[in-house]
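Accompanying notes for the structure given below.
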Amino acid sequence: MTEHTEFSFRASVRRVVEFIFRGGDLTSGFMGSDRAQLGVAAHTALQRVRAAEAAAGGWEYKKEVTLRLTAEFEDAALEVFGRADGIIRRGGGVSVEEIKSTPRDPSSLRADPSLSKVCVEHAKFDEVCLNHANFRQHFAQVKCYAHILCQTEGLASVGAAVTYVALEGGASETFEREYTREELSEFFNNLAREYLKWLVWEKRRFISRDAALEALRFPFPEFRREQRAMAAKIYRAIKDGTSVFIQAPTGTGKTMAAMFPAAKAIGEGLCDKIMFATARTTGRAAAAGAAALIGCDMISLTLTAKEKICPLGSPVCDPARCEFARGHFDRVNRALWELITENRVIGFEEVRAAALARTVCPHELSLDAARFADIVVGDYNHAFDPDARLQAFFGEESGEWRVALLVDEAHNLVDRSREMFSAPLERAVFAAARKAVRTTERSLAGHCRRIIAWWDSEERARARGLPAELVKRCARFLDRAERVAAERPDLFELVAEAYFAARSFVTAADRFTESCVNQARFLGENYAAIYEEGAVELFCLDASAYLAETVGTAAGTAFFSATLSPTSFFRELLGGSEDSPRMRLPSPFDPGNLLVLVADGERTTYRERAAGFGSAAELIGACVGAYPGNWFVFFPSYDYMNCVYERFAARFPAIGTAVQRPGMAERERGDFIGLFREGRDAPFAAFAVLGGVFAESVDLAGDLLVGCAVVGVGLPMISLRRGLIRDYFDKKTGRGFEYAYMYPGMNKVTQAAGRVIRSARDRGVVLLVDERFVRPNYLELFPPEWRHYKTTRTAAEIESAVRMFNRKE
């Protein structure tokens with residue numbers, strides 16, 4: 001690099017050409033489970049053939065030749081490097097060969113077999129190789145190697161060849177052309193300048209960003225109580241490369257307490273990016289707002305689910321039916337450049353507008369933008385789900401960036417992670433796939449038929465553990481489906497649901513070996529096989545080991561929530577270690593602003609609750625009536641809620657009510673929350689279910705919510721899956737009931753009751769209806785601000801306590 005060159009960069013040849021020469025349609029892309037291994041085998045076999053040909057013909061052949069070259073331009077230098085698959089020196093000439101594997105017959109890639117394999121005009125390459133979407137990338141790669149050879153060896157011309165070899169059988173087809181030194185220089189210089197445009201723009205932004213971050217101050221006049229301590233703990237976790245588990249009550253300012261130290265860590269070179277993962281839309285909105293407040297020329301990106309941002313409303317990713325998928329990669333770089341250079345805060349509207357302007361898929365555009373963003377706000381899936389996580393951050397491609405991982409409302413991740421790593425397989429899915437391709441792809445339909453037939457087989461009848469034969473049949477179906485995808489993407493779309501279900505099932509099966517423990521059908525250490533009518537599921541009992549893999553790739557991880565108690569339970573199930581620090585912060589609000597009543601005379605277990613429908617209604621009515629305003633009343637199930645509601649409505653007709661219904665649409669949920677009006681001087685009670693959309697992430701500050709009643713201790717419904725979790729943790733820790741039922745239940749209770757006090761000015765009442773709340777093991781799980789609770793037995797006692805609290809206001 002000369003003294004006049006401002007910047008210097010390094011990049012692999014493959015990375016440069018794969019970015020600049022993207023082209024073609026967007027389809028349901030994937031790489032089969034054994035495709036990479038087969039590709040290496042085919043690749044190596046062809047190199048052996050070339051070596052034998054060279055030995056027999058008396059010419060020279062070298063494989064896997066490392067090449068590098070530094071090109072200097074006006075303001076930047078770019079060093080490119082790579083490894084050529086083969087260099088051939090024959091008859092005074094030199095040529096470079098790039099080998100690519102394909103599941104298809106390589107001869108089918110050539111539209112006109114009569115054309116010579118040698119000296120094909122470059123202008124005709126698209127015509128010759130119409131049937132391979134990445135042909136332009138492949139030829140650009142070998143031309144780069146040819147250019148490096150020309151420059152380093154002073155050659156006047158070099159041959160450039162791309163050979164496609166079949167994954168099985170060894171058949172191959174070669175496309176080759178001779179290039180002059182001048183042609184290669186012009187090609188490479190144009191390519192390098194285009195790539196450097198992105199690198200130089202980003203580098204200059206980093207300089208501006210880091211200068212701003214160095215001077216960054218907390219974006220509010222002062223830290224809230226305990227907020228500074230939380231921020232310091234998270235900064236230390238990023239600096240030390242560890243995980244920290246923090247219970248921080250409402251009002252702590254958790255989002256900014258996490259985002260601010262992570263931003264400072266970027267400025268100090270401790271990490272490169274921030275991934276803020278949360279389970280709910282409201283959490284993502286808060287994180288995006290915090291990132292915008294920090295500013296500092298950082299790019300923040302909020303990811304949106306494909307189903308919500310798809311312009312068609314229902315993503316199909318079929319170029320024949322979607323104009324945004326058709327030719328997506330021909331246009332995406334221009335859309336991406338406009339998106340990242342014109343915006344610093346990128347959300348739904350910005351992504352969608354840029355995508356519509358250039359007719360590209362907005363979901364894929366947002367994933368591309370994540371590579372350029374400093375802060376990415378998304379769902380848990382984007383960090384932890386092996387099928388959906390950002391591969392460049394946490395997957396097989398990770399390593400380029402050090403990512404600080406911030407996990408909001410982390411108590412939700414326990415059950416969500418079980419879903420991510422479980423693999424259900426339904427007979428009906430394969431029946432539908434078979435019907436869709438029965439006349440057009442008989443081989444694939446046959447594989448579907450064999451999977452369907454397993455449900456009537458002897459193995460299914462005696463199945464207890466891992467269904468080995470079903471796994472084999474799914475693997476064969478995957479192999480055929482991948483071949484169909486390469487040849488007929490339109491047909492693959494018809495079986496895509498079955499394909500991805502089978503792939504998850506086979507992947508899960510690879511994670512364990514079978515063993516039986518007691519009466520539960522445990523597989524390996526943390527899976528169980530569950531057999532139901534027309535379905536089988538490999539159910540993940542404990543995903544902590546898989547979460548730990550993601551945590552291990554992060555620069556530092558912070559798990560935080562208002563309800564992360566006991567923290568030892570969450571540390572164990574979220575992939576932490578014995579050395580992972582924990583922190584439990586007190587509430588920043590005056591405990592005198594909250595009245596906690598426990599109606600310890602009520603029994604709400606499934607067997608006993610019917611006898612107390614009327615008394616529960618009476619207690620709730622006394623509490624709501626004595627403290628006018630907006631109330632939430634939560635129940636463990638819809639049936640229980642409806643039974644109590646009927647009696648409540650009959651007994652207290654003057655109290656306004658609303659009732660949550662199953663499956664409410666987003667607009668209906670908004671209308672429901674809209675019933676909570678400010679300044680209400682009459683009692684109003686909204687009946688809802690624990691663990692539902694209204695029990696978490698609903699922010700009703702001030703007099704929008706004055707009280708919350710929770711009926712029952714929130715235990716999940718007894719089920720086969722919960723029973724297996726209990727048995728598993730009984731064996732592992734001796735606390736199966738606590739891990740499967742008690743801890744998750746009490747977390748739902750404290751989350752729901754946490755809706756009441758949202759600011760320092762709030763006052764309110766929490767009524768807990770169940771005699772179990774005063775048992776020692778449940779009292780241990782009470783937040784510190786509940787320690788001053790009062791026990792009550794009758795409606796009169798409740799009314800008296802509430803009125804006295806009201807008078808103190």
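All residue numbers refer to positions in the sequence shown, counting from 1. Quick caveat, the model's predicted, so the values are computed rather than measured.
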Q: Looking only at non-hydrogen atoms, find the nearest pair between Ala752 and Cys708 and report the distance.
A: O-SG, 3.7 Å
Q) Does the distance from a Lys or Arg side-chain N to an Asp or Glu carboxylate O, for Arg402 and Asp272, drop under 4.0 Å? A) yes
**Q.** Nearest-0.5 Å distance that lies between atom CZ in Phe570 and atom CG in Asn747
**A.** 3.5 Å
(Q) Set out, in order, the CA-CA distance, both residues' side-chain angles and the distance that settles salt bridge (charged side-chain N to carboxylate O under 4.0 Å, His left out) for Asp385 and Arg389, then state yes or no. (A) CA-CA 5 Å; Asp385 191 327; Arg389 65 189 173 192; over 6 Å; no
(Q) Take a 6.0 Å sphere around CZ of Arg584 and say whether it holds more than 12 heavy atoms from other residues, nucleotides or ligands. (A) yes
Q. Does Asp730 come within less than 4.0 Å of Arg735, counting only side-chain N to carboxylate O?
A. no
Q) Under 3.5 Å, side chain of Gln247 to main-chain N/O of Leu564, donor-acceptor pair present? A) yes
Q) Are the side chain of Asn526 and the backbone of Asp542 linked by a donor-acceptor contact shorter than 3.5 Å? A) yes
Q: For Ala287 and Val377, work out which heavy atoms get closest and say how close.
A: CB-CG1, 3.8 Å
Q: Quick one: do Thr563 and Gln751 satisfy side-chain hydrogen bond (donor to acceptor under 3.5 Å, both in side chains)? Show the steps, please.
A: CA-CA 6 Å; Thr563 53; Gln751 272 289 322; 2.8 Å; yes
Q. Under 3.5 Å, side chain of Lys748 to main-chain N/O of Gly714, donor-acceptor pair present?
A. yes
Q: Scan side-chain atoms only and decide if Ser759 and Asp762 contain a donor-acceptor pair under the 3.5 Å cut-off.
A: yes
Q) To the nearest 0.5 Å, what is the distance between CG (Leu216) and CD (Glu268)? A) 10.0 Å
**Q.** Evaluation steps, ring-ring contact (aromatic ring centres under 6.0 Å, His included), between Phe539 and Tyr527
**A.** CA-CA 5 Å; Phe539 179 60; Tyr527 271 87; 8.5 Å; no
Q) What distance separates Ile375 CD1 from Met259 CE, expressed to the nearest 0.5 Å? A) 5.0 Å
Q: Run the numbers on Leu365 and Leu336 for side chain to side chain contact (heavy atoms under 4.5 Å, CB included), then give the verdict.
A: CA-CA 7 Å; Leu365 176 61; Leu336 178 61; 4.0 Å; yes
Q | Test item: Pro566 and Leu781 side chains (from C-beta on) under 4.5 Å apart, heavy atoms | A | yes
Q: Give every residue pair that meets the ring pair (Phe, Tyr, Trp, His ring centres under 6.0 Å) criterion with at least one member in residues 361-389, sequence neighbours excluded.
A: Trp198-Phe372
Q.
Is any side-chain heavy atom of Phe634 closer than 4.5 Å to one of Val689?
A. no
Q: Might you work through the salt bridge (charged side-chain N to carboxylate O under 4.0 Å, His left out) test for Asp297 and Arg205, ending with a clear yes or no?
A: CA-CA 7 Å; Asp297 203 30; Arg205 186 180 68 80; 5.3 Å; no
Q) How many angstroms lie between CE in Met746 and CG in Asn777, if you round to the nearest 0.5 Å? A) 9.5 Å
Q | Non-hydrogen side-chain atoms of Val749 and Phe773 separated by less than 4.5 Å | A | yes
Q) Under the 3.5 angstrom rule, does the side chain of Lys254 hit a backbone N or O of Phe560 as a donor-acceptor pair? A) no
(Q) Once rounded to the nearest 0.5 Å, what's the spacing between atom OG1 of Thr733 and atom CD of Glu738? (A) 7.5 Å
Q) So do Pro586 and Glu226 actually touch side chain to side chain, heavy atoms under 4.5 Å? A) yes
(Q) Donor-acceptor pair, distance only, cut-off 3.5 Å: does the side chain of Glu419 make one with the backbone of Arg416? (A) no
Q) Is a side-chain donor-acceptor pair under 3.5 Å present for Arg22 with Asn333? A) yes
Q.
Looking at Lys203, I'd like to know if its NZ atom is crowded, meaning that more than 12 non-hydrogen atoms belonging to other residues, nucleotides or ligands lie closer than 6.0 Å.
A. no
Q | Ala248 versus Thr252, closest heavy-atom pair with distance | A | C-OG1, 3.7 Å
**Q.** Qualifying residues under ring-ring contact (aromatic ring centres under 6.0 Å, His included), relative to Phe9, sequence neighbours excluded
**A.** none
Q | Ser561 backbone acceptor or donor facing Glu409 side chain under 3.5 Å | A | no
Q) Taking all non-hydrogen atoms of both residues, which atom of Ala562 and which atom of Pro249 are closest, and how far apart? A) CB-CA, 4.1 Å
Q | side chain to side chain contact (heavy atoms under 4.5 Å, CB included) assessment of Arg571 paired with Phe559 | A | CA-CA 9 Å; Arg571 184 179 63 181; Phe559 296 94; over 6 Å; no
Q. What do you reckon, is CD of Glu214 surrounded by more than 12 foreign heavy atoms closer than 6.0 Å?
A. no
Q. Is it true that atom CD of Glu578 has more than 12 heavy atoms of other residues, nucleotides or ligands lying nearer than 6.0 Å?
A. no
**Q.** Any Met256 side-chain heavy atom under 4.5 Å of Met230 side chain
**A.** no
Q | Side-chain heavy atoms of Glu400 within contact of Arg15, under 4.5 Å | A | yes
Q.
Just verifying a value: how many Å separate Glu349 CD and Thr304 OG1, rounded to the nearest 0.5 Å?
A. 9.5 Å
Q: Determine the minimum heavy-atom distance between Leu715 and Tyr741, stating which atoms define it.
A: CD2-O, 3.5 Å
**Q.** Glu497 atom CD, over 12 foreign heavy atoms within 6.0 Å
**A.** no
Q.
Is it the case that the side chain of Arg787 and the backbone of Phe782 share a donor-acceptor pair, with hydrogens and angles ignored and the cut-off at 3.5 Å?
A. yes
Q: Taking the side chain as every heavy atom from C-beta outward, state whether Phe260 and Ile234 have any pair of such atoms under 4.5 Å apart.
A: no
Q) Step by step, would you call Val351 with Leu301 a side chain to side chain contact (heavy atoms under 4.5 Å, CB included)? A) CA-CA 9 Å; Val351 171; Leu301 167 71; 4.2 Å; yes
Q. Taking all atoms of both residues into account, what is the closest heavy-atom pair of Pro588 and Thr250, and its distance?
A. CD-O, 3.6 Å
Q.
In the structure I gave you, are the side-chain heavy atoms of Trp786 and Leu594 within less than 4.5 Å of one another anywhere?
A. yes
Q: Determine yes or no for a side-chain-to-main-chain donor-acceptor pair under 3.5 angstrom, with Arg418 supplying the side chain and Leu541 the backbone.
A: yes
Q. Out of Arg721, Met742, Arg722, which residue meets the side-chain contact (heavy atoms from CB on, under 4.5 Å) rule with Pro716?
A. Arg722
Q) Would a distance-only check, ignoring hydrogens and angles, find a side-chain to backbone donor-acceptor pair under 3.5 Å from Ser504 to Ala501? A) no
Q. When you look at Arg284 and Thr302, which way does the side-chain hydrogen bond (donor to acceptor under 3.5 Å, both in side chains) test go after all the steps?
A. CA-CA 7 Å; Arg284 289 192 284 277; Thr302 301; over 6 Å; no
Q.
Looking at Ala257, is its backbone amide N or carbonyl O close enough to the side chain of Arg224 to form a donor-acceptor pair, meaning the two atoms are under 3.5 Å apart?
A. no
Q. Taking atom types as modelled, is there a side-chain donor on Glu696 or Asn412 under 3.5 Å from an acceptor on the other?
A. yes
